[in-house]
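Fair warning: this is a prediction, and the values are worked out from it, not measured in the lab.
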Amino acid sequence: EVQLQASGGGLVQPGGSLTLSCAASVSTFEDFTFEDLGVGWFRLAPGKEREGVACISSTDGSVYYAASMKGRFIISKDNAKNTVYLRMDNVQPEDTAKYYCAATKYPVTAVSDLWAGQWSFWGHGTLVTVSS
């Protein structure tokens with residue numbers, strides 16, 4: 001069993017910054033650890049479909065971003081803390097959404113993986129509201 005808990009959401013002004021955290025716990029009965037998992041961030045805005053934001057590979061730490069997030073968001077993974085972060089800079093009202101983290105045992109090798117069905121483990125989201 002893998003449990004994921006996203007946190008760090010809140011109200012932020014346009015142009016501001018926010019860092020989300022995704023804390024993970026992996027049952028000792030599993031044959032893998034957090035270090036073996038690729039992790040992604042996704043978001044769901046009212047009236048829109050779920051959108052992939054960024055993902056990070058477990059093998060070499062490669063990171064991939066959806067086009068609209070590239071240059072503004074940074075995903076990072078701290079295996080010692082079982083935590084993945086999403087640093088969000090220059091946020092805009094269109095970034096308002098509930099942000100979710102998800103994990104996969106399958107390789108993460110391209111941004112297209114954000115739209116693949118490999119994300120087996122999902123956490124509850126954290127709400128980010130960008131407004132003045």
Side-chain angles (χ1 to χ4, degrees):
E1 179 185 11
V2 177
Q3 292 186 333
L4 302 170
Q5 181 61 56
S7 62
L11 176 64
V12 58
Q13 292 188 339
S17 298
L18 201 63
T19 297
L20 306 182
S21 300
C22 174
S25 65
V26 180
S27 169
T28 55
F29 296 106
E30 299 290 357
D31 60 356
F32 56 87
T33 65
F34 177 72
E35 189 170 353
D36 299 317
L37 297 174
V39 181
W41 282 98
F42 300 80
R43 68 186 186 184
L44 184 61
K48 295 187 178 181
E49 294 186 353
R50 189 181 71 198
E51 181 180 21
V53 174
C55 54
I56 185 166
S57 167
S58 64
T59 53
D60 61 3
S62 293
V63 296
Y64 306 94
Y65 299 94
S68 62
M69 269 63 85
K70 207 168 186 179
R72 298 190 301 125
F73 292 4
I74 298 175
I75 186 172
S76 60
K77 188 173 185 239
D78 187 335
N79 289 321
K81 295 183 178 180
N82 279 20
T83 302
V84 172
Y85 303 96
L86 184 70
R87 166 80 178 184
M88 305 166 62
D89 291 322
N90 190 25
V91 294
Q92 299 300 317
E94 53 267 33
D95 295 318
T96 295
K98 198 161 190 180
Y99 285 73
Y100 299 84
C101 56
T104 177
K105 295 188 295 182
Y106 296 96
V108 172
T109 60
V111 66
S112 57
D113 288 335
L114 287 170
W115 290 272
Q118 66 194 77
W119 303 94
S120 305
F121 311 106
W122 289 84
H124 298 292
T126 185
L127 182 62
V128 173
T129 303
V130 183
S131 175
S132 54

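Taking the six-membered ring for Trp and the full ring otherwise, the centers of F42 and W122 sit less than 6.0 Å from each other.
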(request) For T33 and V26, run side-chain contact (heavy atoms from CB on, under 4.5 Å): C-alpha distance rounded to whole Å, both residues' side-chain angles, the deciding distance at 0.1 Å, then the answer. (result) CA-CA 6 Å; T33 65; V26 180; 5.7 Å; no
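What you find for Y100 and H124 is that their closest heavy atoms are CD2-C, 3.9 Å. Listed here is the closest heavy atom pair of D95 and V91: OD2-CA, 3.4 Å. What you find for A66 and V111 is that their closest heavy atoms are N-CG2, 3.9 Å. W119 and C55 get closest at one heavy-atom pair: CH2-CB, 3.9 Å. Between V39 and K77 the shortest heavy-atom distance is CG2-CE, 4.1 Å. Taking every heavy atom of both residues into account, Q118 and D113 meet most closely at OE1-OD1, 3.4 Å.
Rounded to the nearest 0.5 angstrom, L37 CG and I56 CD1 are separated by 12.0 Å. Distance check: M69 CE to E51 CD gives 4.0 Å after rounding to the nearest 0.5 Å. Separation of atoms CE (M88) and CZ (R43) is listed at 7.0 Å; rounding is to 0.5 Å. With values rounded to the nearest 0.5 angstrom, Q3 atom CD is found 11.5 Å from F121 atom CZ.
In the hydrophobic cluster analysis, where Ile, Leu, Val, Met, Phe, Trp and Tyr join through side-chain heavy atoms closer than 4.5 angstrom, V53 is grouped apart from L127. Cluster annotation: V63 and L86 are assigned to the same hydrophobic cluster (Ile/Leu/Val/Met/Phe/Trp/Tyr, side-chain heavy-atom contacts under 4.5 Å, transitive).
Side-chain contact annotation: S57 with T59, donor-acceptor N/O pair under 3.5 Å present.
Side-chain atoms of D78 and F34, non-hydrogen and from C-beta on, never get closer than 4.5 Å to each other. V84 places a side-chain heavy atom less than 4.5 Å from the side chain of I75. No side-chain heavy atom of L114 sits less than 4.5 Å from a side-chain heavy atom of Y64.
Proximity of a side-chain donor or acceptor of T96 to a complementary backbone N or O of V130 within less than 3.5 Å is detected. Within the 3.5 Å criterion, the main-chain N or O of I74 finds no donor-acceptor partner in the side chain of R87. T83 contributes a side-chain N or O that, together with a main-chain N or O of K81, makes up a donor-acceptor pair within less than 3.5 Å.
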Throw together a table of side-chain donor-acceptor distances under 3.5 angstrom for residues 4-23, partners on residues two or more places apart or in other chains.
{"unit_1": "S17", "atom_1": "OG", "unit_2": "D89", "atom_2": "OD1", "d": "2.7"}

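Atom CD of E35 is surrounded by 12 or fewer heavy atoms from other residues, nucleotides or ligands within 6.0 Å. Within a 6.0 Å radius of OH in Y106, no more than 12 heavy atoms belonging to other residues, nucleotides or ligands are found.
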